[in-house]
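Only one structure is covered here, and it is reproduced in the block below.
Quick note: residue numbers are just sequence positions, from 1.
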Amino acid sequence: MENVFNTSTSFILLGIEEMEHYKYLYCGFALVTYLLILLFSSLIISVVLLEESLHEPMYTLIANLMLNGIFGASCFLPKLILDLFLSTKVISRAACFIQSFSVTLFALCEISTFTIMAYDTYLAVCHPLRYPNLMTNKTALKLIAGFLIFNITCILISNLLSARLPLCGSHINNYICDNLSIFILSCVDNSINKLYSATMFAIYISATVLVIAYSYVRILHICFKISKSASKKAIHTLVTHFSNFSIFLVGVLFIFIRYRLENINLPLIFHILLSITGSTIPPLFNPLIYGIRTKALKVKVISNFQKIIGER
């Protein structure tokens, strides 16, 4: 029997359909989460931009992480809120691929920013005298831009490979569009897509995690040789970065578990909760941890917040 290809110009998000029973509860939760992400992240970004004393590579990278968090949350939360409120579960094919591209870009940019931050801390601790020359704001921005171009290129290839696939269905077992969900709908051999995605993911994760791990090990090694006060400051910065990176890894783990359980007969709501938790934890907790644990940033945030309240 021949496969009947899906020539529809839209997809149906089964995740939205599953959330219909408590749509106002989910809608309210998504709205509050999105507003908190916007508030916390925007506050840190504005303080870094306005305070000249924070115009250093470390704070530039923190601001970039916050900006990426806003981008990541904006990839799916506004649409999820509208879909739930308006009881809409349809997404156009073009919008689906754009959302898939954006969500993946957010994830890769998150990893690359943590990698640059680990390298920046490594240079500051292990090469303090050369650090001002090795790492400047301009260098940090170049690294961010370089990773961004590389990430976009990798994802575009993956999306173009997915776009060529003839599909035999239009029902996506999620509340958002993503590449793996599109793969599942393919009714032809998609081994090339799977091979490219698996290889790219394995190489990207391995390379970045190796850089991060090497940087952390070298920093800890140096901490045993320097003064107690300098060591305490370095470890404090290291723990802050590691805490945020761990939160991101927890988010990735939730997403990974969700896809590993794809073929197991579990309630769809279970898959939805795993996806939402994995997607919202990093952008929500990143600004909180950096705002609390980074002393200079914390002081400036409180100072600016008090000025705003005083003016009113």
Side-chain angles (χ1 to χ4, degrees), residues 48 56-69 71-72 103-158 196-226 230-231 233-256 278 281-283 285-286 289-290 293-294:
V48 172
E56 297 177 7
M58 183 177 81
Y59 301 109
T60 299
L61 292 168
I62 290 174
N64 181 67
L65 192 67
M66 301 304 112
L67 185 63
N68 189 53
F71 169 72
V103 169
T104 311
L105 181 61
F106 156 68
L108 293 188
C109 285
E110 197 85 348
I111 299 170
S112 61
T113 302
F114 280 123
T115 305
I116 301 170
M117 292 174 89
Y119 177 64
D120 172 66
T121 308
Y122 159 75
L123 290 179
V125 175
C126 300
H127 304 281
L129 297 178
R130 297 171 57 204
Y131 176 76
N133 295 323
L134 292 173
M135 182 62 77
T136 62
N137 262 333
K138 190 174 181 181
T139 304
L141 291 172
K142 283 181 178 179
L143 288 171
I144 292 168
F147 265 111
L148 179 61
I149 293 169
F150 179 75
N151 292 340
I152 288 173
T153 304
C154 290
I155 302 166
L156 272 178
I157 295 171
S158 181
Y196 174 79
S197 296
T199 304
M200 184 196 76
F201 181 77
I203 293 174
Y204 198 97
I205 291 293
S206 299
T208 52
V209 169
L210 277 173
V211 171
I212 293 170
Y214 175 79
S215 300
Y216 287 175
V217 169
R218 288 288 296 157
I219 291 166
L220 287 173
H221 179 70
I222 292 295
C223 284
F224 289 114
K225 298 181 178 181
I226 57 179
S231 174
K233 184 180 178 182
I235 291 175
H236 181 85
T237 303
L238 184 64
V239 170
T240 303
H241 289 335
F242 185 73
S243 299
N244 282 275
F245 185 58
S246 297
I247 287 173
F248 173 72
L249 289 180
V250 168
V252 172
L253 180 63
F254 273 102
I255 302 294
F256 177 76
I281 284 179
F285 280 87
N286 280 343
I289 292 176
Y290 277 111
R293 288 189 58 84
T294 309

Open item on the list: Tell me whether the count of non-hydrogen atoms from other residues, nucleotides or ligands lying under 6.0 Å of CZ in Phe106 goes above 12.
Closed with: yes
Task: Leu108 to Tyr204 - nearest heavy-atom pair and separation - done: O-OH, 3.3 Å
TODO: Indicate the atoms forming the closest heavy-atom contact of Cys154 with Tyr196, along with that distance.
DONE: O-OH, 2.8 Å
Task: Closest contact, heavy atoms only, Glu110 versus Pro282 - done: OE2-CB, 3.9 Å
Open item on the list: How long is the straight-line distance from CG of Asn151 back to CG of Leu148, given to the nearest 0.5 Å?
Closed with: 6.5 Å
- [ ] Of all the heavy-atom pairs spanning Asn64 and Ile144, show the shortest one and how long it is.
- [x] OD1-CG2, 3.6 Å
- [ ] Specify whether Tyr122 and Tyr214 have parallel, tilted or perpendicular ring planes, treating 30° as the upper limit for parallel and 60° as the lower limit for perpendicular.
- [x] tilted
Open item on the list: What's the separation between atom CG in Asn286 and atom CZ in Phe114, rounded to the nearest 0.5 Å?
Closed with: 4.5 Å
Open item on the list: Would you say CZ of Phe201 has more than 12 non-hydrogen atoms from neighbouring residues, nucleotides or ligands within 6.0 angstrom?
Closed with: no
Open item on the list: Distance check, rounded to the nearest 0.5 Å: Lys142 atom NZ versus Ile116 atom CD1?
Closed with: 13.5 Å
Open item on the list: Would you say that more than 12 heavy atoms from the other residues, nucleotides or ligands in this model lie under 6.0 Å from the CZ of Phe242, or not?
Closed with: no
Open item on the list: Tell me the closest heavy-atom pair linking Ser215 and Ala118, and the distance in Å.
Closed with: CB-O, 3.5 Å
- [ ] Kindly compute the distance separating CG (Leu65) from CD1 (Ile289), expressed to the nearest 0.5 Å.
- [x] 10.5 Å
Open item on the list: Just so I know, are the side chains of Leu105 and Ile152 near enough to count as touching, which here means a heavy-atom distance under 4.5 Å?
Closed with: yes
TODO: With the side chain counted from C-beta on, respond yes when Ser158 and Thr104 share a heavy-atom pair under 4.5 Å apart, and no when they do not.
DONE: no
Open item on the list: Ignoring hydrogens, what is the shortest heavy-atom contact between Cys126 and Arg218? Give both atom names and the distance.
Closed with: SG-O, 3.9 Å
Task: Ile62/Val48 under side chain to side chain contact (heavy atoms under 4.5 Å, CB included): CA gap, chis, key distance, verdict - done: CA-CA 9 Å; Ile62 290 174; Val48 172; 5.5 Å; no
Open item on the list: Taking the side chain as everything from C-beta on, heavy atoms only, tell me whether Leu123 gets closer than 4.5 Å to Arg130.
Closed with: no
Task: Straight-line distance of Asp120 CG to Glu56 CD, nearest 0.5 Å - done: 9.5 Å
Open item on the list: Does any part of the side chain of Thr208, heavy atoms only, come nearer than 4.5 Å to the side chain of Ser112, both counted from C-beta?
Closed with: no
Open item on the list: Nearest 0.5 angstrom please: Tyr290 OH to Met66 CE, how far?
Closed with: 6.5 Å
TODO: Compute whether any side-chain donor of one residue and acceptor of the other, for Ser246 and Ser243, lie under 3.5 angstrom apart.
DONE: no
